[in-house]
Amino acid sequence: MKMLPTRQNVQKVLSHFEAKEGLIYLNGQVLHERDDTDVELPFRQESTFFYLTGVSEPDFHVIVDIATQRIELYAPALDPDAVVWMGLPDSIETMKSKYDVDEVLYVTDMAARLSAASVVYTPPIAKKDGLTAQWADEKLNKALYAAICEARAVKADWEVDLIRMANKISSDAHVKVMQMSASNEADMHAVFLYESARHGAFFQSYQPIFGAGKNAATLHYNRNNAPLNNPNDVVLVDAGAEFNCYASDITRTFPVGAKFTPEAAAIYSIVLDMQNACFAKCKAGTPWEVVHETALQVAADGLLKLGILKGDKQELLDNGVVAAFFPHGVGHMLGLDVHDVGGYPEGVAKIDRPGYRYLRMRRTLAAGNVVTVEPGIYFCDFIIDPVLKAVETSKCIDVDMLNKYKSVGGVRIEDNILITEDGYTNLTTAPKEIDQIEALKNDAESAAKKRKAE
Ligand code: GLY
Ligand code: MN
Ligand code: MN
């Protein structure tokens, strides 16, 4: 892989940090073994360490000299036992050519460097066990963490390119999943992993969700093992591969059979309208709550028009009835982590109200933010039953109409967008119009029929 220009990231963090001298220290992730065994867990670098160094190997450390902006990378000392099993690690010279740092040393040189410094700042995640230094106080370390979050929130062009690549791999995998004929959620999960890995994405950004029928109503369902018995069911697939530690987070919802039922198509169309209305608000300067409120408004209009909800629109929004069908936030920051840092800048509090409680983000959008836009409508008994039972809200839902649409389970549509000064760029290419999806499902049906005939 080409050297990533991570020095820019270090400089960006320093530009947000008030301290003008001393060191910043951060350890990288170590290799873990499962419980009481020698079975290694998959290694994933800690995100901020990757941000500052581009290193995706275990047991590294980094020190930044704030005054000179000099970056020193400390590699694990050569361990003859490890070489027997894992082969020779990179030489110091190779590491110097791979990483955007000033110096590469072995970790045996690190303790003296830290203990000689006047002050050492660390983000809260750093592990300092066994190291002696003049550690900065908690308030300054928090300021460093805030500087890291602000830096990570505005993506450089090359970071956007990596997120775009993760999106391309995942969008193509979503298409393959729509085109396949599957008899179990697990078939789809397996194909998604296969398509990701063969295009260089060995990690998923999160546990993928493959939920058919009622399972689509569970927001983070991940058992992914139910049979697909009913062609009228929809399947909700929320899956995104990671590429070079950068995430994608994409949801598509499509029928098990070749066509959406009229009920599923009606709910799907409301969710697509919600997403398009949100997109129209997305540009630098828009507070994220405005985007979320837009999704709630369009959901209210759509559910009223179908006759599932009754009464005054504003009342339905204020009393949480609309939120019972759209209980989560409309999106979040995306980057090295799927729910990336920076959603709540310093001093911004959560809103404790139905519909707003689960907002993962409350920032004013800036050019360079990458966010998800993921409205949904769900028929989840656990959430809707209390609304039906409460005296003040029971009159707001038409039970016959609710029962007519309930079997749709859940629909979510999720894309990843880059915010620009006057709008946005959509990084997600997976198709989502009803006719596009039905054409892909048709491919699946034809392939299945052909196989049967052979
Ligand atoms: N896949 C998790 C989310 O959509 O936030
Ligand atoms: Mn998702
Ligand atoms: Mn998401």
Side-chain angles (χ1 to χ4, degrees), residues 44 47 152-153 155 163-164 166-175 177-178 185 188-189 192-193 196 201 203-212 215-224 234-243 245-254 268 271-272 274-275 278-279 282 288-289 291-292 295 323 326-344 350 355-363 365 369-378 380 409-419 424 426-432:
R44 162 56 156 79
S47 294
R152 281 179 56 183
K155 272 66 179 176
I163 298 172
R164 189 181 271 112
N167 260 274
K168 161 97 179 100
I169 294 169
S170 305
S171 291
D172 291 350
H174 273 273
V175 169
V177 167
M178 288 183 213
E185 294 163 354
M188 296 184 167
H189 187 166
F192 196 92
L193 297 184
S196 302
F203 283 88
Q204 296 295 308
S205 312
Y206 50 92
Q207 291 296 329
I209 297 162
F210 292 81
N215 296 338
T218 301
L219 298 182
H220 281 178
Y221 170 81
N222 58 18
R223 283 196 286 276
N224 302 350
V234 296
V235 194
L236 186 154
V237 176
D238 183 345
E242 181 177 279
F243 186 72
C245 289
Y246 281 83
S248 61
D249 180 8
I250 302 174
T251 307
R252 290 293 180 262
T253 308
F254 50 86
Y268 190 92
V271 178
L272 203 52
M274 290 162 77
Q275 199 194 39
C278 289
F279 284 156
C282 284
W288 189 245
E289 299 93 284
V291 182
H292 183 68
F326 171 41
H328 59 78
V330 78
H332 49 82
M333 303 287 280
L334 183 83
L336 284 159
D337 292 304
V338 59
H339 298 151
D340 208 29
V341 296
Y344 282 81
K350 294 213 168 192
Y356 288 83
R357 188 163 296 145
Y358 298 127
L359 265 182
R360 292 187 197 277
M361 160 171 176
R362 271 196 74 198
R363 71 180 290 136
L365 293 173
N369 293 157
V370 175
V371 298
T372 68
V373 180
E374 49 177 305
I377 289 185
Y378 311 87
C380 173
V411 172
R412 178 161 66 252
I413 306 172
E414 177 173 26
D415 287 29
N416 305 162
I417 64 170
L418 167 69
I419 300 299
Y424 69 96
N426 196 336
L427 306 174
T428 306
T429 52
K432 61 186 169 188

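Note that ligands are numbered from 1 as they come in the structure, with each ligand's atoms numbered from 1 the same way. These numbers were taken from a predicted model, which means no experiment stands behind them.
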Check ring pair (Phe, Tyr, Trp, His ring centres under 6.0 Å) between Phe192 and all other residues, then give those that pass, not counting sequence neighbours.
His174

Tell me the protein N, O or S atoms under 2.8 Å from the Mn ion (ligand 3), in chain and number order.
Asp249 OD2, His332 NE2, Glu374 OE2, Glu414 OE2

With a 3.5 Å distance limit and no angle check, can you tell me whether Ser205 reaches the backbone of Ala241 through a side-chain donor-acceptor pair?
yes

Within the 6.0 Å centroid threshold, strictly below: Tyr358 and His332
no

Would you call the rings of Tyr424 and Phe279 parallel, tilted or perpendicular if under 30° counts as parallel and over 60° as perpendicular?
parallel

Show the protein residues that qualify under the rule heavy atom under 4.0 Å from an atom of ligand 1, listing them in chain and number order.
Tyr206, His220, Asp238, Asp249, His332, His339, Glu374, Glu414

Within a strict 4.5 Å, meaning less than it, do heavy atoms of the Val177 and Arg252 side chains meet?
no

Does Arg44 reach the main-chain N or O of Cys245 with its side chain, forming a donor-acceptor pair under 3.5 Å?
yes

Tyr206: side chain to side chain contact (heavy atoms under 4.5 Å, CB included) partners, not counting sequence neighbours
Asp238, Asp249, Val338

Qualifying residue, where the test is side chain to side chain contact (heavy atoms under 4.5 Å, CB included) with Asn416 and the options are Val371, Asn426, Thr428, Val373
Thr428

Do any N or O atoms from the side chain of Thr429 and from the backbone of Ser171 form a donor-acceptor pair under 3.5 angstrom?
no

